[in-house]
Trainee: 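Following this message is one structure expressed as structure tokens.
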Number of protein chains: 2
Amino acid sequence: MSARVVPEGSRRRRRPTKQGAVLSERLIVDTALRLVARHGAEALSVRRLGAALGADPSALYRYFRNTDALLLAIADELVGRAQEGWEASGDWRTDLRVMGLRIHRSYLAQPQAALLAAHRTTGRPHETRAVEKILGILRDGGFPDPLAVRVYHAFVDQALAFAAQDAAAAALPRAAGEADREVWGKVYGRLPAETHPHIAATFPLLAADMRDSGYPFALELMLTALETLHPDATAGPERAHGKKS
Amino acid sequence: MSARVVPEGSRRRRRPTKQGAVLSERLIVDTALRLVARHGAEALSVRRLGAALGADPSALYRYFRNTDALLLAIADELVGRAQEGWEASGDWRTDLRVMGLRIHRSYLAQPQAALLAAHRTTGRPHETRAVEKILGILRDGGFPDPLAVRVYHAFVDQALAFAAQDAAAAALPRAAGEADREVWGKVYGRLPAETHPHIAATFPLLAADMRDSGYPFALELMLTALETLHPDATAGPERAHGKKS
DNA sequence: GACCTTACGTCAACACCATTGACGTGTAAA
DNA sequence: TTTACACGTCAATGGTGTTGACGTAAGGTC
């Protein structure tokens, strides 16, 4: 047994592999992300990652305790990427909308890792920074603390839940994903009006709508509702007052 | 190769296994659910399920083309359980609310299985019936078809996404789950106001709110927004100042 | 420049996984 | 009673994550 993993900070010996690669936590995470992006979620296995790195698969265990630890490292990277370059506009509607879509998009870019990350609380720097930002949008936007907190919770959970949901669809093995999509034509398209009148009546609309994620519309609905809950609900929309943060 | 699976309707020979079990689609799904409930999602493998049934693992392939088909059958069972005994009240707000909470609850009752199932489109009987019901609530409630379809999509995805999200938290290995919950006290509770002013200012509220699911509030927000979008919105609740989309 | 310690890449093995083709038994229909 | 074939079983294939043992070469020390 023994502790095979040496913490990244105290690494000193950097021995190249037989094929000449010099491994590092960073290189492994990046290679994994490239592998998934290029060949799909099911291509991410220890053996394949080893091959892509030009190293023996078991070498990875010198850097990560197990594949779970590797996926978490990848996930943390995603949280960071979602915030990269974001700046507050000062209008809470805009800021929430952009932040929600950013989270959703960034997770979708790496479905496999997203699935693992979306329901964990890591407490790592990227995550706390994101929490701080969203709370800031709401409090600076004029929501009183108790409401801001409830809204924060619903907003974040919804973004993460949809991200995971859509990521799961994207991470499905090719065959299973196609099967799911075919169900719409093969099953729902052929339900008779006698037994399923509502489906039969709206089928073309349904089939078209279900192709995309439901998140953008769900997000708009949430923003609409927040408009009515906001303390100055009577005031107009566009009013970028002084900002903060 | 060849078609090993005989459709459930036309089964005739029921030969007991060596250990005396008489297999059926129903028995297999029920056993799988029991297995998952008892030993966690990772205990669900063809081999273990075979053992639990008292049959050779490969016997399952006489009933399901592959493990994916089995998963879909499990998923549909959960959908069915969510609808059991439901009756329309005639008020679309009430009906949507009840339906959403039912789905959420039914999935949470089997967190491990829910995780495997919440992301799939099965096209099976229970699922189509649920789709028909929800579409019916919206169309009978007065939403015009194009809007009804969009709302249906957002509503269902929201319910399933939150269900999966909360199921995931409930299904986490005990150690990992506790670790995640501790993060709130150990990390978020100790962030200094200088670097994370918003978190520091609202921490007690945050820690309390994050203990429960965000779904009920998110669902209310969606219903509030739908009130605004509904054709006879003018009568609506107080401060819905003619927002349109 | 020689020596020592040990990090870390490699190898081989283990236990598990899903899936499939061939086989033969016993059931149910004729 | 006979016959056909449904379906449970067996064995094999090629995948997976993970680990213990091993040796080599890198880095620090003198």
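Everything numeric in this text was worked out from a predicted model, so none of it was measured. Convention: sequence-line order gives letters A, B, ...; per-chain numbering from 1. The figures that follow rest on heavy atoms only: side chains count, while hydrogens, waters and symmetry mates do not.
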Trainee: Can you sort out the partners of A/Tyr63 under side-chain hydrogen bond (donor to acceptor under 3.5 Å, both in side chains), two or more places apart, ordered by chain and number?
Mentor: none
Trainee: Tell me every residue that passes side-chain hydrogen bond (donor to acceptor under 3.5 Å, both in side chains) with A/Ser213, counting only those two or more places apart in sequence or in another chain.
Mentor: A/Asp166
Trainee: What pairs with B/Lys186 under salt bridge (charged side-chain N to carboxylate O under 4.0 Å, His left out), at least two apart in sequence or on another chain?
Mentor: B/Glu182
Trainee: I'd like to know if A/Arg15 reaches the base of C/dG9 with its side chain such that a donor and an acceptor end up less than 3.5 angstrom apart.
Mentor: no
Trainee: Taking salt bridge (charged side-chain N to carboxylate O under 4.0 Å, His left out) as the definition, give me every residue that meets it alongside B/Asp95, ordered by chain and number, with sequence neighbours left out.
Mentor: none
Trainee: Residues two or more places apart in sequence or in another chain: which of them pass side chain to side chain contact (heavy atoms under 4.5 Å, CB included) with A/Arg105?
Mentor: A/Arg102
Trainee: Please give the stem ranges for DNA chain D, sorted by first residue number, where a stem is three or more consecutive Watson-Crick or G-U pairs and both donor-acceptor distances are under 3.5 Å.
Mentor: C:1-30 with D:1-30
Trainee: D/dG8, C/dT19, C/dC11: which one has an atom nearest the side-chain heavy atoms of B/Thr67?
Mentor: C/dT19
Trainee: With heavy atoms under 4.0 Å as the rule, sort A/Phe64 into base, sugar-phosphate or nothing.
Mentor: nothing
Trainee: Using a 3.5 Å cut-off and no angle test, enumerate the donor-acceptor pairs between side-chain atoms of residues 53-61 of chain B and protein atoms at least two apart in sequence or in another chain.
Mentor:
{"residue": "B/Asp56", "atom": "OD1", "partner": "B/Ser58", "partner atom": "N", "Å": "2.9"}
{"residue": "B/Asp56", "atom": "OD1", "partner": "B/Ser58", "partner atom": "OG", "Å": "2.6"}

Trainee: Quick check on contacts: within residues 51-60 of chain B, what sits under 4.0 Å from DNA chain C by heavy-atom distance?
Mentor: B/Ser58
Trainee: Pick out the pairs of N or O atoms, protein on one side and nucleotides 12-16 of chain D on the other, that lie under 3.5 Å.
Mentor:
{"residue": "D/dT16", "atom": "OP1", "partner": "A/Ser45", "partner atom": "OG", "Å": "3.2"}
{"residue": "D/dT16", "atom": "O4", "partner": "A/Arg47", "partner atom": "NH2", "Å": "3.4"}

Trainee: Give every residue pair that meets the salt bridge (charged side-chain N to carboxylate O under 4.0 Å, His left out) criterion with at least one member in residues 73-83 of chain B, sequence neighbours excluded.
Mentor: B/Arg26-B/Glu77, B/Glu77-B/Arg81
Trainee: What's the spacing between B/Leu44 CG and B/His39 NE2 if we round to 0.5 Å?
Mentor: 11.5 Å
Trainee: Considering only residues two or more places apart or on different chains, which pairs with a residue in residues 34-47 of chain A satisfy salt bridge (charged side-chain N to carboxylate O under 4.0 Å, His left out)?
Mentor: none
Trainee: To the nearest angstrom, how far is A/Arg65 atom CZ from D/dT19 atom C1'?
Mentor: 14 Å
Trainee: Nearest to the side chain of A/Tyr63 - D/dG17, C/dG9, D/dA26?
Mentor: C/dG9
Trainee: Taking only residues at least two apart or on different chains, which pairs with a member in residues 191-213 of chain A satisfy salt bridge (charged side-chain N to carboxylate O under 4.0 Å, His left out)?
Mentor: none
Trainee: Taking atom P of C/dT6 as reference, at what distance in whole Å does atom CZ of A/Arg62 sit?
Mentor: 14 Å
